[in-house]
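Heads up: the structure comes next, in structure tokens.
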2 protein chains.
Amino acid sequence: MFTKFRNKFPISDERWIEYTSYFNRIEAPAKTTLLEEGEVSKKLFIIEKGCIRVWFNNNGKDLTTQFFFENQSVASIESFIKQFPSPVVIETIEPSVIWWISKNDMDKILEEVKEIPELRDRFIDMIFQRTFDYIRHFVSFIKDSPTQRYLTLIEEKPQIIQRVPQHYLASYLGVSTVHLSRIKSKLVHKK
Amino acid sequence: MFTKFRNKFPISDERWIEYTSYFNRIEAPAKTTLLEEGEVSKKLFIIEKGCIRVWFNNNGKDLTTQFFFENQSVASIESFIKQFPSPVVIETIEPSVIWWISKNDMDKILEEVKEIPELRDRFIDMIFQRTFDYIRHFVSFIKDSPTQRYLTLIEEKPQIIQRVPQHYLASYLGVSTVHLSRIKSKLVHKK
DNA sequence: TTTATTTGATAACAAATGTTATCGTTGGCG
DNA sequence: CGCCAACGATAACATTTGTTATCAAATAAA
């Protein structure tokens with residue numbers, strides 16, 4: 001699982017073995033809750049196989065905010081970093097193989113990583129990149145119609161369309177399930 | 001302008017004097033463009049007095065994505081960091097007093113700051129905090145009605161309501177100017 | 001002051017989107 | 001294999017929101 005990343009970490013073999021040993025492998029069936037609402041996040045997940053969504057309950061409505069797939073890392077990020085109760089639930093969509101690392105071990109790695117200029121800069125770049133992604137995402141709500149957001153998703157993240165049940169997709173796009181169905185239907189008939 | 005921040009920077013007086021000398025003061029009337037669309041961002045701004053908005057032209061429509069006030073720093077962030085053409089315009093709303101620092105000088109400071117653990121961690125925290133803010137912002141588009149978003153804004157960022165012309169606010173909230181007017185009117189009559 | 005520009009409210013109508021309900025299909029599981 | 005739950009499509013109707021146009025008020029500039 002981790003060997004493919006080895007060349008990206010200019011650290012000693014000893015460190016590498018230590019760091020990778022921090023990770024724990026689990027297999028989770030579909031619809032397994034990995035983090036509950038209100039729970040303080042103690043684990044960061046990395047997906048080897050499968051697919052995860054982040055969602056929360058808003059007055060009885062199930063609203064999905066993000067999807068994650070193979071090789072992506074997932075956490076209730078603000079909860080993980082600040083050790084607040086998580087406002088969101090993390091849940092598998094498909095049966096998944098997942099590796100997790102504890103907050104403590106992750107902090108240990110980060111402390112050391114921050115002293116290595118190359119890794120530290122990559123870490124900072126990563127955070128910035130996430131920020132840019134979120135900016136694009138919220139701008140799309142100001143700029144685009146739901147139909148346009150759907151088309152953009154097909155272009156940019158086809159995995160989501162292909163692997164995620166449509167009713168999860170709807171709230172992610174900010175529309176009702178019925179309306180998403182209508183959007184698809186209109187697109188088909190226009191063609 | 002900068003002395004009030006002095007105690008937050010555990011660096012030598014020499015460094016402090018050097019760093020603050022990088023900044024340039026300008027006074028700009030209302031509706032001054034500080035960065036044009038398509039221009040590569042070379043300056044980071046800090047607002048001493050006044051108010052700035054970030055916006056872009058979308059098929060002839062003026063869409064505002066952010067507002068900034070006293071003591072906040074502003075840039076077309078992705079453009080500033082990656083040196084891409086900026087997709088957005090940065091413009092004063094009120095007559096403003098602004099300090100700017102060049103990309104080069106800022107990079108110089110950052111390189112040194114990254115070696116000071118306390119400052120480096122504060123810098124990373126700042127980036128994370130911005131990320132969290134953007135997450136909250138986009139979640140509000142999934143979760144809340146425009147009316148609710150307006151009410152939340154009154155609670156959390158009253159400055160925006162008080163100082164920003166309403167038609168800029170509308171696109172920020174993701175509605176038309178007419179509809180924002182309706183929202184206000186309904187709220188008044190319900191009370 | 002006078003005038004032009006900016007800003008905001010409102011009405012009337014059109015379009016988009018939500019809600020509720022029904023039905024058919026699919027796929028996992030006993 | 002058969003059943004049940006999950007999923008998605010569709011219709012009918014209600015509500016929200018956008019568009020265009022007009023007018024009034026406030027503000028800035030001449």
Side-chain angles (χ1 to χ4, degrees), chain A residues 27-33 50-51 53 55 58-64 67 91-96 140-151 153-154 160-191, chain B residues 28-32 50-51 53 55 58-64 67 91-96 140-151 153-154 160-191:
Chain A
E27 298 189 12
K31 301 205 177 190
T32 304
T33 296
C51 154
R53 74 182 179 116
W55 66 278
N58 191 53
N59 295 99
K61 284 194 179 150
D62 174 322
L63 301 184
T64 300
F67 300 104
E91 185 181 294
T92 57
I93 293 178
E94 304 172 356
S96 304
S140 77
F141 279 89
I142 291 177
K143 183 182 159 197
D144 298 325
S145 65
T147 303
Q148 188 54 55
R149 280 203 294 284
Y150 179 73
L151 290 171
L153 211 58
I154 292 177
I160 294 188
I161 311 283
Q162 289 150 11
R163 296 171 66 177
V164 169
Q166 194 169 307
H167 58 290
Y168 295 153
L169 205 66
S171 57
Y172 178 78
L173 290 171
V175 297
S176 66
T177 55
V178 175
H179 194 59
L180 177 53
S181 200
R182 266 195 294 241
I183 287 171
K184 285 180 62 178
S185 150
K186 275 200 182 173
L187 287 173
V188 172
H189 292 114
K190 284 269 165 84
K191 285 275 160 90
Chain B
K31 299 204 178 190
T32 305
C51 154
R53 74 181 179 116
W55 65 278
N58 190 53
N59 296 98
K61 282 192 181 150
D62 174 322
L63 301 184
T64 300
F67 300 104
E91 185 182 294
T92 57
I93 293 177
E94 303 172 358
S96 303
S140 77
F141 279 89
I142 290 176
K143 181 181 159 197
D144 298 325
S145 66
T147 303
Q148 187 53 54
R149 281 203 293 285
Y150 179 73
L151 289 171
L153 210 60
I154 294 177
I160 295 187
I161 311 282
Q162 288 151 10
R163 295 171 66 176
V164 169
Q166 193 169 308
H167 57 290
Y168 295 154
L169 205 65
S171 57
Y172 178 79
L173 290 171
V175 297
S176 67
T177 56
V178 175
H179 194 60
L180 177 53
S181 201
R182 267 195 293 242
I183 286 170
K184 285 179 62 178
S185 149
K186 275 200 183 174
L187 286 172
V188 172
H189 293 114
K190 284 270 165 82
K191 285 275 161 84

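Residue numbering restarts at 1 for every chain, and letters A, B, ... go by the order of the sequence lines.
Spacing between atom CD1 of A:Ile183 and atom P of C:dA16 amounts to 11 Å, rounded to whole angstrom units. Here C:dT6 presents its P atom at 9 Å from OH of B:Tyr168, a figure rounded to the nearest Å. Summarising the geometry, the separation between CZ on B:Phe141 and C1' on D:dT17 is reported as 14 Å, rounded to the nearest angstrom. Remark: P of C:dT17 and CD1 of B:Ile142 are 15 Å apart, rounded to the nearest angstrom. Taking atom NE2 of residue A:His167 and atom C1' of nucleotide C:dG18, one finds them 18 Å apart after rounding to whole Å. In this entry the distance linking NZ of B:Lys31 with P of D:dA28 reads 11 Å, nearest Å. In this entry the distance linking CG of B:Asp62 with P of C:dT6 reads 13 Å, nearest Å. Whole-Å rounding puts the B:Gln162 CD to C:dT7 P distance at 18 Å.
Looking at heavy-atom distances under 4.0 Å, A:Val178 makes contact with a base.
Of the side-chain N and O atoms in B:Lys186, none sit less than 4.0 angstrom from OP1 or OP2 of D:dT17. Taking side-chain N and O atoms only, B:Gln166 has no distance below 4.0 Å to OP1 or OP2 of C:dT6. An OP1 or OP2 oxygen of C:dG8 is reached within less than 4.0 angstrom by no side-chain nitrogen or oxygen of B:Lys184.
With rounding to the nearest 0.5 Å, the separation of NZ in A:Lys143 from CG in B:Asn59 is 9.0 Å.
Between the side chain of A:Arg182 and the base of D:dG8 there is no donor-acceptor pair of N/O atoms closer than 3.5 Å.
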